[in-house]
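Counting starts at 1 for both ligands and their atoms, following the listed order.
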Amino acid sequence: MIDDQQPATDDIDVSGCWRASAAGKIILCGEHAVVYGRPAIALPIASVRAHVLIERAARGQGITVHAPDLGRSWALHARPRDTLSRLVPEVLAALDAPPRPDLRISISSDIPIASGMGSGAAIATALVRALAASCARDLSNRQVSELVFANERRLHRTPSGIDNTVIAFERAIWYQRVPVGALPAVDYAPPSIEPLVIAAPLTLLIGDTGVRSATKLPVGMVRKRWQADTASYEALFDAVGSAAHVVRAALAAGNPAALGPLLDQNHALLQQIGVSSPQLDTLVAAARAAGALGAKLSGAGWGGVMLALVTPAARTHVAGALRAAGAARVFAATVASTVPPNSP
Ligand code: PMV
């Protein structure tokens, strides 16, 4: 079970404005299969974040949202169907706040949009936390995650819940939905979420293809293919899930070199599932050719980002190879080792 302590990212301003931020994320292994009850591993990427600032507005102004990175500014009442317009009153109701306060909400983010790094969930997480701060309320990570999950449902229809969980808890997680009932009418009980033991730090490079891809499109395609050929897709998801167990053991053993081939294998399975793209395959191949220990697409696919596991010594060379192969951006991330639960 994961503990529910808040990450120390919230910053409550006493001068009538409130700020919060939330990290981006990557999925180390298990995407898509996680929607169908197999385990997956997700890591927060603290260096890329979404930020929300809430300020009191003049009386009668209502709630306005200003999101220059999304190229949008709007009054909540003017766009009632927008997902963020729907999230704000939901959160205010959950906080027992007066329903129509006068607030100016500013959103900024350095997480690439629609790219598999959890931009939507991070914006929603920062928004929920800043709204809670504006009402002088503390929400647990689990409460934040649940409010964001409702938003994810609107955006992606059948989310597994892994994005809102890893971002709200901001720690490395092992995530698995618990299936209830038999195929094809399977349903899911609340997920099992466990903190992940990482015995040795990991050096990752994240290469952005620059191709934006809304999560719901590949997720919807996978569902159609799963419905049409359940046996083959269940077998692919089983293979992804089995590999996730081996990845978890390699992380706990502090053996990053053993991870490389497992990431390569996960990428091959995602290709068979049908969610890679020529740009993702090009970046994955370039990383491997430049000496990465392993590489795979990360997130829903058809665009967005891939990740490469590298040694610290190979980092600069592999990052250069990713740029030369067409990456629009390359992020470097060091994943710190974590302490096993119950250790002193
Ligand atoms: O939002 P993305 O692109 O990181 O995709 C989330 C991962 C999926 O497994 C494809 C979908 C889900 O809900 O778990």
> Can you classify the ring geometry of Trp226 versus Tyr36 as parallel (below 30°), tilted (30 to 60°) or perpendicular (above 60°)?
tilted
> Give the atoms of ligand 1, by number and element, whose distance to some non-hydrogen atom of Glu31 is under 4.0 Å.
9 (O)
> Nearest heavy-atom pair of Ala250 and Leu259: which atoms, and what distance?
CB-CD2, 3.7 Å
> Under 4.0 Å from a heavy atom of Ile162: give me the atoms of ligand 1 that qualify, with their elements.
14 (O)
> Which of these, Leu262, Val246, Asn266, sits in a side-chain contact (heavy atoms from CB on, under 4.5 Å) with Cys29?
Asn266
> Scan side-chain atoms only and decide if Arg315 and Thr203 contain a donor-acceptor pair under the 3.5 Å cut-off.
no
> Identify, for atom 7 (C) of ligand 1, the protein heavy atom at the shortest distance, and state residue, atom and that distance.
Ile27 CD1, 3.5 Å
> What protein heavy atom sits nearest atom 5 (O) of ligand 1, and how far away is it?
Ala300 N, 3.4 Å
> Looking only at heavy atoms, which two atoms of Val52 and Ile123 are closest? And how far apart?
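In terms of heavy atoms, the two residues are closest at CG2-O, 4.1 Å.
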> For ligand 1, find out whether one of its N or O atoms is nearer than 3.5 Å to an N or O atom of Ser160.
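Indeed, backbone or side chain, Ser160 has an N or O that close.
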> So, are Asp102 and Arg56 salt-bridged, with charged N and O less than 4.0 Å apart?
no
> Just to check, does His32 reach to within less than 4.0 Å of ligand 1 when the distance is taken from its heavy atoms?
yes
> Checking Asp69 against Ser109: is there a side-chain donor and acceptor pair closer than 3.5 Å?
no
> Among all protein heavy atoms, pick out the one at the shortest distance from atom 11 (C) of ligand 1; state its residue, atom name and that distance to 0.1 Å.
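Answer, as residue, atom name and distance: Val35 CG2, 3.8 Å.
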> Side chain, backbone, both or neither: which part of Lys25 has a heavy atom under 4.0 Å from ligand 1?
side chain
> Identify the heavy atoms of His267 and Ala295 that sit nearest to each other, and give their distance.
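Reported closest heavy-atom pair: CB-O, 3.7 Å.
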> Pro159 heavy atoms, cut-off 4.0 Å: which ligand 1 atoms fall inside?
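Here the atoms of ligand 1 in question are 13 (O).
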> Among all protein heavy atoms in this structure, tell me which lies nearest to atom 6 (C) of ligand 1, with the distance rounded to 0.1 Å.
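Residue, atom and distance for the closest contact: Asp163 OD1, 3.8 Å.
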> So if I count the atoms of ligand 1 from 1 in the order they appear, which ones are less than 4.0 Å from some heavy atom of Val34?
9 (O), 14 (O)
